[in-house]
A.B. asks: 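Provided herewith is a single structure, encoded as structure tokens, for subsequent inquiry.
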Amino acid sequence: MKQDLSRSMFEEAQGLFPGGVSSPVRAIKPFPFYTRSAKGSHITDVDGNELIDYCLGYGPLILGHAHPYIMEAIRSQLEKGWLYGTPSETEIQYAKKIRMYYPSMNVMRFVNTGTEATMGAIRAARGFTGRDKIVKIEGGFHGAHDAVLVKAGSGASTIGVPDSLGVPVDIAKNTLQVPYNDVLAMEEVLSAHKDEIACVIMEPVMGNMGPILPKDGYLKAVRNITREYDTLLIFDEVITGFRINMFGAQGYYGIDPDLTTLGKIAGGGLPIGVFGGRRDIMETVAPNGGVYQAGTYNGNPMSLTAGMAMVDFLERERVHHKVNEMGKAMWQSLTDVVRSMKLDYTVSGISSMFQIFFGPQPENYTDALKCDKAKFMEFWRHMLENGVFMPPSQFETNFLSYAHTKEDLERTVFAFKKSLGAIK
Ligand SMILES: Cc1ncc(COP(=O)(O)O)c(C=O)c1O
Ligand SMILES: N[C@H](C=O)CCC(=O)O
């Protein structure tokens, strides 16, 4: 695969950006490919290589790249201006739509990223309860802010800094950690710190260490325990919201969190974050209450319009029906390959999300860390050589889109078999 232009661009970028990139997970070794354009399920690099894309901008593009319906919505909004600094009617329309699918988000605020959404939700939880400590799940990723950069998954684990430097000890000490899928550990931490814990924040389905699913009854138990200890439950649905289905993981598993965060798909591929929940908690957010949260670009008309167009299209075309069927087919085919080759690897998946683990099915972060990450990267390189772009880390999830075709899937399964064969 010819990559001369990408290689030289990365060399130049070294002098301009830390590690040559704008977000650490992109710093693929020895160099990442540079994208020239993307359309549908395919992404084309500056050297002219066309790849089937399962990264999809790390999840937002459930309709694929440059979908005409979203493009038209963005175009028509551009004509009307792209930043107002005032409220807009779209804000009201979109909030009502979101609340229809996420009734737990009774009152919400539009921000610009998932990071801002989880930061706002945690601050609201602390303001409401008057407590400082929070509990997060080991290997969970909730964006790049101080309170959650402790045992963080995603890029933080990929590059080996799950506990970021620069986070004051006094802040990190307020973030307690428990393993995913462990009810007892959750009960223990909440009882040991009774009346001290503002909230538990979790990805209901872990998406930032590959998809790892909740065991039967786990989420329900967490809901019950958090209620018992008067601790708020925040579901971070930045990945799973509008991805698993229209109703997110909370709808899928039938759990009512106190606060929810959305992002990614909710912005139609433009930057967005949303946090919201119980009215009494959200009443603490300024200007009604003393929890300050603000932003020049909050509720910006471009992201709201793109997001609302996305939700309209998902609803109208019953997109989840198709992508989730494809997800099932993909999971089945990849699992068949692994079994037919008698390999002790696992393909994990839910809806249109999937990942291969070079080891047994992980239940939590400790298990995920035991999988062979070096082998994963070797496999990843072979997939790229065979025309398939997956997110470049064991601690990420592959996403399918409405634009992926049967032919894409067949080519991917073929590449998968070839790549596993090459690294055996
Ligand atoms: C579950 C989850 N929460 C929060 C975030 C942060 O979102 P953003 O990258 O938009 O800041 C991410 C991804 O980065 C995520 O996967
Ligand atoms: N896993 C992250 C988002 O879900 C990846 C995005 C990034 O770190 O750039």
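We count ligands from 1, going down the list as the structure has it; atoms in each ligand are counted the same way. FYI, the numbering just counts along the sequence from 1.
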A.B. asks: Looking at H404 versus Y54, is the centre-to-centre ring distance below 6.0 Å?
C.D. replies: yes

A.B. asks: Would you indicate whether the side-chain heavy atoms of T346 and V338 approach each other to under 4.5 Å?
C.D. replies: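 Side-chain contact under 4.5 Å: no.
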
A.B. asks: Mind listing the N or O contacts between ligand 1 and protein, cut-off under 3.5 Å?
C.D. replies:
unit_1, atom_1, unit_2, atom_2, d
ligand 1, 3 (N), F141, O, 3.4
ligand 1, 3 (N), D236, OD1, 3.3
ligand 1, 3 (N), D236, OD2, 2.6
ligand 1, 7 (O), G114, N, 3.4
ligand 1, 10 (O), G114, N, 2.9
ligand 1, 11 (O), G114, N, 3.4
ligand 1, 11 (O), T115, N, 2.9
ligand 1, 11 (O), T115, OG1, 2.6
ligand 1, 16 (O), N208, ND2, 2.9

A.B. asks: Which of parallel (below 30°), tilted (30 to 60°) and perpendicular (above 60°) describes Y365 and F395?
C.D. replies: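 Because their plane-to-plane angle lies in the 30° to 60° range, the rings of Y365 and F395 count as tilted.
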
A.B. asks: Would you tell me whether R243 and S352 have side-chain atoms, one donor and one acceptor, within less than 3.5 Å of each other?
C.D. replies: yes

A.B. asks: Between F275 and F110, does the ring centre distance come in under 6.0 Å?
C.D. replies: no

A.B. asks: Between R223 and D258, is there a side-chain N and carboxylate O pair less than 4.0 Å apart?
C.D. replies: yes

A.B. asks: Taking only heavy atoms of V25 into account, list the atoms of ligand 2 that are under 4.0 Å away from them.
C.D. replies: 7 (C), 8 (O), 9 (O)

A.B. asks: If you have a sec, work out which protein heavy atom is nearest atom 4 (O) of ligand 2 and how many Å separate them, to one decimal?
C.D. replies: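 It is K264 NZ, 2.7 Å.
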
A.B. asks: Return the residue, atom name and 0.1 Å-rounded distance of the protein heavy atom closest to atom 2 (C) of ligand 2.
C.D. replies: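 Of the protein heavy atoms, S154 OG, 3.1 Å lies nearest.
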
A.B. asks: Please check whether R26 reaches ligand 2 - meaning an N/O of the residue sits under 3.5 Å from an N/O of the ligand, judged on distance alone.
C.D. replies: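 The answer is no, given that R26 and ligand 2 share no N or O pair closer than 3.5 Å.
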
A.B. asks: Can you pull out the closest protein heavy atom to atom 8 (O) of ligand 2? Residue, atom name and distance to 0.1 Å, please.
C.D. replies: S23 OG, 3.5 Å

A.B. asks: Does the gap between the ring centers of F399 and F354 come in under 6.0 Å?
C.D. replies: no

A.B. asks: Name the orientation class of the two ring planes belonging to Y218 and Y180 (parallel below 30°, tilted from 30 to 60°, perpendicular beyond 60°).
C.D. replies: perpendicular

A.B. asks: Going through the checks in order, is the side chain to side chain donor-acceptor pair (under 3.5 Å) test met by N208 and H142?
C.D. replies: CA-CA 9 Å; N208 283 292; H142 306 288; over 6 Å; no

A.B. asks: Before signing off on this row, confirm whether Y58 and ligand 2 have an N or O atom pair separated by under 3.5 Å.
C.D. replies: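 Such a contact does not occur with ligand 2.
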
